[in-house]
Amino acid sequence: MSRAASEPPPAAQPTATASADAGAPPVVECDGVVRRFGKLTAVDGVTLHIPRGICYALLGPNGAGKTTLSRMIGAVLPRDGGALRVLGLDPGLEESEVKARLGVVLQENLFDDDLNVLRNLEIYGLFFWKRGPAFRAKVQELLRFVGLEEKEKMGINELSGGMKRRLMIARALLNDPELLILDEPTTGLDPQVRHAIWARLRQLKASGMTILLTTHYMDEAAQLADRVGILHKGNLIAEDRPDALVAKNLPRWVLEFDALEKPVCVEALEKNPDGARYERHGDRAFAFHADEAPLSGWIKQYDLRTALVRPSSLEDVFLKLTGRALDE
Amino acid sequence: MSDPANAPAPVLRAPAHAAGPRRPPAYRRVAAVWFRHVRVYGNFFVANATPAVFEPIFMLLAIGYGLGAYLNKHQFNNQQYAAYMAAGLLGVTCMYTAAFEAAYGTFIRLRFQKTYEGMIATPLTRRDIFLGELLWCGTKGALFSAIVGAVLCLFGHVRLPWGLAIPFVGFLCSAAFGGLSFVVTSFVNSMNHFQYYFTVVLTPMIFFSGLVFPVKDLPDGMKWVPLSLPLFHAIESFRLLVAGPAHASVPWAAWCPLILLGMCIALGALGVKRMMGRL
């Protein structure tokens, strides 16, 4: 997290890619899109545009409408209102054609458990009517890319969770997609595997792939995203580059401490002394300030043992924008 | 994962926007679904075929010949009882084959294996998926009826060359029951609810469609019942093939294959539409 603040992901590269495709329309043009389930409005008029060659992260708490929105963009779920164009096509009218151009990594690893790795990829390829020598070469190339080249004869249930996830990514790339949609790609995986998957996704991005990522992990967004949109209760409540989102919403530094440790300190900081901004989420207390010095001063003044001064992060922004509502 | 730094980046072929549509045409998408089922369930073909093949044989031996020995001073549609049963056994085989596939099988793929959730993210549409399923149901019915037909032929209950058309009627019969089972599956929220379908809908159909006794022996007020059942028209169609028009249950039996085709299309269309709404 601190890494995101101290060395923001390079924004220069995607801009370069985008200018190379200056004439090309955005990959996703979403204007006032609405989706209801009975009385619940899951997506309530979202407008967002994803230019070619960037990684766009949709952040939001569980139930914010991330998956619903990505399923509408993925032409799987019809919308109830608004205008939507994916790769210049209307997913409602050209469902099959849109899907033929997308790569999708679903939240769950869904395979045919009775078939081995290779057969699974072959069957999936058939849904795009991809077969023959060129396709088989593609399969081998992708298995090498995700580090599963010696596992092609293995049964699905012999694979670890991380391997299954990597196989999902390989499978999503079989059809040379123009947009890769990843729904919580690293949820439930150990840190090593997460970093390895992020490395692969960064490689894809570097080769010009447009990526739409939904996640509730701020570190994932900070690692990969050129642009971040925060969804809350079906609305896009903020959108920008990750570093700009932090800079726009919060002072540069934050003091984070255990709110139960020193009630005196909480009382004092609640009054927002010296231009500080106090927030509390559960047991954690946060005081934001443009300068580091007063924050370090308070640590000494109140003798806070569990306190930490660090740069404000995407997670702080996320909590600020969506956290209060959770307390309601 | 091995060291990511060493992994070669995949070659991303620049997508050709001018190259026209990238989606496969609809018939290939449906074929792909069918082929997936052949690939996945082909491994278990022998296991799946066992009940469909052996049950009719046991019924033929125990009821057709065993019980039939006591009944053979009577004629059933101008036939001995075992010969009379042959057409019905073909019909029941196809009915159960399709019902298990499109009720339990489809429900498991929908709810537990989430097979369709993976498929719907590809160029396949909901219609492609369930048309492919229906095609698969029909294919299984064609195969299993062919096997049962071959066995019945050994017992001398199939006239040739008409018997060679058994798989076609088997396809129609299974596709019709596939459609009917789709309709049921589209309403069901728990697999336990299939008990109603199997016990209250399918089992009585066996008893009142001319497998056990000729429908002309039904009481006058009930004669319309078998005419409304797809299994009756399937069994009569099989009877036309294996025994010939001389042994038909109704004078207008020649229409039964057409009525079966009509029911197959109607039930198939309704079932696919219902399941499309369910996914």
Side-chain angles (χ1 to χ4, degrees), chain A residues 24 71 74-76 87-88 94-104 106 108 110-115 119 122-124 126-130 138 141-142 144-148 162-163 166 170-173 175-178 181 192-193 195-200 202-204 206-209, chain B residues 1-44 47 108-110 112-129 132 276-277 279:
Chain A
R71 277 165 62 87
V76 167
L87 301 161
E94 299 189 71
E95 175 190 343
S96 192
E97 181 63 23
V98 169
K99 291 194 292 189
R101 298 172 179 216
L102 301 182
V104 181
L106 300 163
E108 258 182 280
L110 298 174
F111 296 105
D112 289 319
D113 290 351
D114 299 319
L115 302 182
R119 291 271 180 273
E122 283 175 359
I123 296 277
Y124 201 79
L126 202 64
F127 296 155
F128 296 84
W129 209 257
K130 300 256 179 205
K138 180 90 197 167
E141 181 190 26
L142 288 171
R144 273 197 303 279
F145 174 59
V146 296
L148 290 173
M163 287 174 172
R166 284 184 275 151
R171 196 173 76 170
L173 296 171
N175 61 320
D176 296 309
E178 295 165 55
I181 300 180
Q192 284 89 338
V193 175
H195 278 281
I197 286 180
W198 290 336
R200 298 295 196 275
R202 267 193 296 267
Q203 267 181 287
L204 285 173
S207 65
M209 178 75 80
Chain B
M1 195 180 288
S2 54
D3 183 11
N6 295 335
V11 183
L12 289 175
R13 288 170 194 90
H17 296 283
R22 292 184 64 190
R23 68 173 191 278
Y27 73 91
R28 282 195 170 154
R29 304 199 301 262
V30 174
V33 176
W34 178 85
F35 191 77
R36 183 256 169 204
H37 287 350
V38 172
R39 252 291 162 70
V40 175
Y41 305 115
N43 291 335
F44 306 105
I108 288 169
R109 286 189 282 275
L110 183 72
F112 300 113
Q113 296 181 334
K114 301 193 179 168
T115 310
Y116 305 132
E117 211 175 296
M119 292 167 104
I120 198 70
T122 71
L124 307 177
T125 62
R126 287 167 173 79
R127 178 180 283 112
D128 300 333
I129 290 174
M276 283 167 65
L279 176 58

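Each chain gets a letter, A, B and so on, in the order its sequence line appears, and its residues count up from 1.
Of the charged side-chain nitrogens involved, at least one lies within less than 4.0 Å of a carboxylate oxygen, so that A:Asp112 and B:Arg36 count as a salt-bridged pair. Remark: B:Arg22 engages A:Glu178 in a salt bridge, criterion side-chain N to carboxylate O under 4.0 Å.
For B:Arg28, the CZ atom counts as densely surrounded, since its 6.0 Å shell holds more than 12 non-hydrogen atoms of other residues, nucleotides or ligands.
Summarising the geometry of B:Arg39 relative to A:Glu122, their closest heavy-atom pair is NH1-OE1, 3.7 Å, with the distance given to 0.1 Å. Scanning both residues, A:Asp114 and B:Asn43, for their nearest heavy atoms gives O-ND2, 4.1 Å. Here the closest non-hydrogen pair linking B:Pro123 and A:Ser96 is O-OG, 2.6 Å. Across every non-hydrogen atom of A:Leu110 and B:Glu117, the tightest pair is CD1-CB, 3.7 Å. Across all non-hydrogen atoms, the minimal contact from B:Leu124 to A:Lys99 is O-NZ, 2.7 Å.
Between the B:Arg23 side chain and the A:Arg101 main chain, no donor and acceptor come within less than 3.5 Å of each other.
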Going through the distances and angles, do B:Arg126 and A:Val76 end up as a side chain to side chain contact (heavy atoms under 4.5 Å, CB included)? CA-CA 9 Å; B:Arg126 287 167 173 79; A:Val76 167; 4.2 Å; yes

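Of the atoms belonging to A:Val104, it is side-chain heavy atoms, and not backbone ones, that fall under 4.5 Å from chain B. If you measure heavy-atom distances from A:Leu126 to chain B, the contacts under 4.5 Å come from both the backbone and the side chain. In this structure, chain A has a heavy atom under 4.5 Å from the side chain of B:Phe44, while its backbone stays farther away.
Of all the listed residues (B:Leu279, B:Thr115, B:Val33, B:Thr125), the one sharing the greatest number of non-hydrogen pairs under 4.5 Å with chain A is B:Thr125. Per-residue counts of heavy-atom pairs under 4.5 Å with chain B were compared for A:Glu97, A:Met163, A:Gln192; the largest is that of A:Glu97.
Taken from OG1 in B:Thr122 to CZ in A:Arg171, the straight-line distance is 9.0 Å, to the nearest 0.5 Å.
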